[in-house]
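Remarks on the structure that follows.
In listed order, ligands and their atoms are each counted from 1. Side chains included, hydrogens not; waters and symmetry mates left out as well; all remaining heavy atoms used.
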Amino acid sequence: MTKSALVFDPFSDEYFINPFGIYQRLRDEAPVYYNEQYDFYALSRHEDVAAAFKDFSTYSSANGVTLEEIKSGTHAMAQSIIWMDPPDHRRMRSLVNKVFTPRAIEAQRSVVRERIDHYLSQVDPSSFDAVADFSALFPVEVIATMLGVPVADRQNIRLWLNTALERGPGRSTLSKAGREAMTQTGLLYYNLIQQRRADPEGDMISALIHAEVDRDDGTRTRLDDIEIAGFCTLLGGAGAETVTKLVGTAMVLFDRHRDQWEHLRADRTKIPAAIDEVLRFEGPVQYDMRTTRKEVVLHGITIPQGSAVMLLAASANRDERAFPHADDFDINRDRTQAQNLGFGYGIHSCLGAALARLESAEALDRLLDFIPDYAVDRAGLHRVSMTSVAGYSNVPIRRR
Ligand code: HEM
């Protein structure tokens, strides 16, 4: 039987339902793939993706990190650390590292536990949706509390973000509703920044208002409203969607691998390794985009200067050239086999990784007690069709 022509469309139903078959073909048949329809290149092998993440002088983030940002130039209106190259990135990262300290994150553990217990107390353990009724709800509360967003607006951050990220098959750009949702988010933060300027509190927005950053011209100034709102939007977004997906995917994977769930129940010290394996096997962030600052020749293919390049971290994490038996889900995997790219790699690697690990670990630990013996209703599983992000919006489970 001859193989069908290799088509990789990151906005197709086929891709949203199961990207891993396509990734395998990309790695084997077209490690530098060019998509004519959307005009981008895709790197899929671990070695190439990791090298590109590291090489920020060739693979720039300054034009945006999603296809839409690069093609539309929308990001040029805003300021965000994720869209910066050095030296701006270095300055901003060292500033936000001061606010996003390991201590500040550890201090959230009680908030995380309280929110997890709150949402679990609202559901019936004999039957509930592990995402819609649980993992979608608590992460946004944590980051919103850290930022200083009032209770009434916390869940809105998540709902607006969902609207903004949603893509239908064949639709690669923001919908009208998505644009409105982004405006609402920006307004919320803008108003909060004005309030905190007048009346500071002990939250992250107040800390950012008082933080100073070194500028190109050698001066040292405070952040302006656009910079702070941009950072809040990024944190709120990253904090709202990703852990939600990681926990939902974990419950699906452990349903398929009962023995490993039992193993975790018996040995909770394995939880961090389990989280890393979920992140490797089917992480929430599938890819990040870059723009080439110079011509690149890779696997005999020339990528011209100024090209959009998709770094398929989720494919790299399944590359058998890097991870033996890469398609096996195994929480006992030797974690030194290769770099797990689920949190990115290099200068932009996830600022919230410690918080994400803490939230996911607390959630799994509680779920191990709450539903020690569960089954996923597989007919009710529903995957999101979003740009960059993958996972489930619904994971119905019942007690066995
Ligand atoms: C499982 C959860 C998460 C995953 C899989 C994840 C994944 C990632 C990835 C892949 C990047 C790199 C982006 C790039 O190279 O262009 C990134 C960056 C970032 N993440 Fe996360 N993230 C998670 C949770 C969080 C949380 C909870 C926060 C904060 C509340 C956060 C904040 C950020 C920020 C601010 C950046 C940009 C860092 C920079 O540009 O220097 N992330 N994340």
Side-chain angles (χ1 to χ4, degrees), residues 49-50 52-56 59-67 69-70 75 79-86 88-97 99-101 104-105 108 111-112 135 138-147 149 157-158 161 204 208 230-250 272 274-291 309-314 316-317 339-364 388-391:
V49 174
F53 268 125
K54 283 288 246 188
D55 183 3
F56 55 80
Y59 294 92
S60 163
S61 297
N63 287 346
V65 293
T66 67
L67 191 58
E69 285 162 7
I70 292 178
H75 76 287
Q79 292 276 343
S80 186
I81 184 170
I82 205 162
W83 297 323
M84 289 175 188
D85 287 338
D88 293 351
H89 178 267
R90 198 162 35 243
R91 291 184 200 130
M92 192 57 77
R93 181 92 183 200
S94 64
L95 182 152
V96 297
N97 278 342
V99 184
F100 225 77
T101 58
I105 288 156
Q108 299 309 310
V111 177
V112 174
S135 76
F138 79 87
V140 70
E141 297 268 335
V142 177
I143 188 66
T145 307
M146 286 176 84
L147 287 169
V149 176
I157 294 178
R158 169 179 74 87
L161 182 76
M204 208 176 269
L208 287 167
F231 187 56
C232 292
T233 306
L234 176 64
L235 282 182
E241 269 307 319
T242 49
V243 172
T244 298
K245 304 286 180 296
L246 189 109
V247 173
T249 304
I275 290 165
D276 268 11
E277 183 62 352
V278 176
L279 191 66
R280 182 196 72 82
F281 195 81
E282 199 174 335
V285 178
Q286 296 287 295
Y287 56 82
D288 288 290
M289 299 292 302
R290 298 291 191 260
T291 306
V309 182
M310 183 176 277
L311 308 184
L312 282 164
N317 274 344
Q339 177 69 38
N340 186 333
L341 301 177
F343 280 127
Y345 187 45
I347 60 168
H348 288 280
S349 74
C350 182
L351 179 72
L355 179 64
R357 286 185 204 280
L358 186 156
E359 289 179 4
S360 308
E362 290 291 336
L364 266 189
S388 314
V389 173

Looking only at atom types and distance, does a side-chain atom of Thr244 sit under 3.5 Å from a main-chain N or O of Ser135, one as donor and one as acceptor? yes
Side-chain donor/acceptor of Glu69 to backbone N/O of Val65, under 3.5 Å: yes
Can you tell me the protein heavy atom closest to atom 20 (N) of ligand 1 and the distance? Cys350 SG, 3.2 Å
Contact atoms of ligand 1, heavy-atom distance to Gly342 under 4.0 Å: 5 (C), 7 (C), 10 (C)
Look only at the side chain of Asn317 and the backbone of Asn340, and say whether a donor-acceptor pair between them is shorter than 3.5 Å. no
Identify which of Gln108, Arg290, Arg357 has a heavy atom lying nearest to atom 15 (O) of ligand 1. Arg290
Which bit of Val65 is near ligand 1, meaning a heavy atom under 4.0 Å away: side chain, backbone, both or neither? side chain
Which of the numbered atoms in ligand 1 are under 4.0 angstrom from any heavy atom belonging to Arg93? 38 (C), 39 (C), 41 (O)
Tell me: protein heavy atom nearest atom 40 (O) of ligand 1, and distance? His348 ND1, 2.6 Å
If you have a sec, work out which protein heavy atom is nearest atom 36 (C) of ligand 1 and how many Å separate them, to one decimal? Leu351 N, 4.0 Å
Answer with yes or no whether Ser61 contacts ligand 1, where contact means a heavy atom under 4.0 Å from a ligand atom. no
Within 4.0 Å of some non-hydrogen atom of Phe53, the atoms of ligand 1 are 15 (O)
Ligand 1 versus Asp288: contacting region, heavy-atom distance under 4.0 Å: side chain
Polar contacts were defined as any N/O atom of the residue lying under 3.5 Å from an N/O atom of the ligand; does this apply to Thr242 and ligand 1? no
Atoms of ligand 1 under 4.0 Å from any heavy atom of Ile143, numbered from 1 in the order shown, are 30 (C)
Is there a donor-acceptor pair closer than 3.5 Å between any side-chain N or O of Ser360 and the backbone N or O of Arg357? no
Residue, atom and distance of the protein heavy atom nearest atom 10 (C) of ligand 1 read Gly344 N, 3.3 Å
Flag, side chain of Thr101 to backbone of Ala104, donor-acceptor distance under 3.5 Å: yes
Shortest protein contact, atom 6 (C) of ligand 1 (heavy atom only): Phe343 CD2, 3.7 Å
By number and element, which atoms of ligand 1 are closer than 4.0 Å to a non-hydrogen atom of Ile347? 41 (O)
Numbered in order shown, the ligand 1 atoms found under 4.0 Å of a heavy atom of Leu279 are 5 (C)
Heavy atom of the protein closest to atom 27 (C) of ligand 1 (residue, atom name, distance): Gly239 CA, 3.8 Å
His89, any N or O under 3.5 Å of ligand 1 N or O: yes
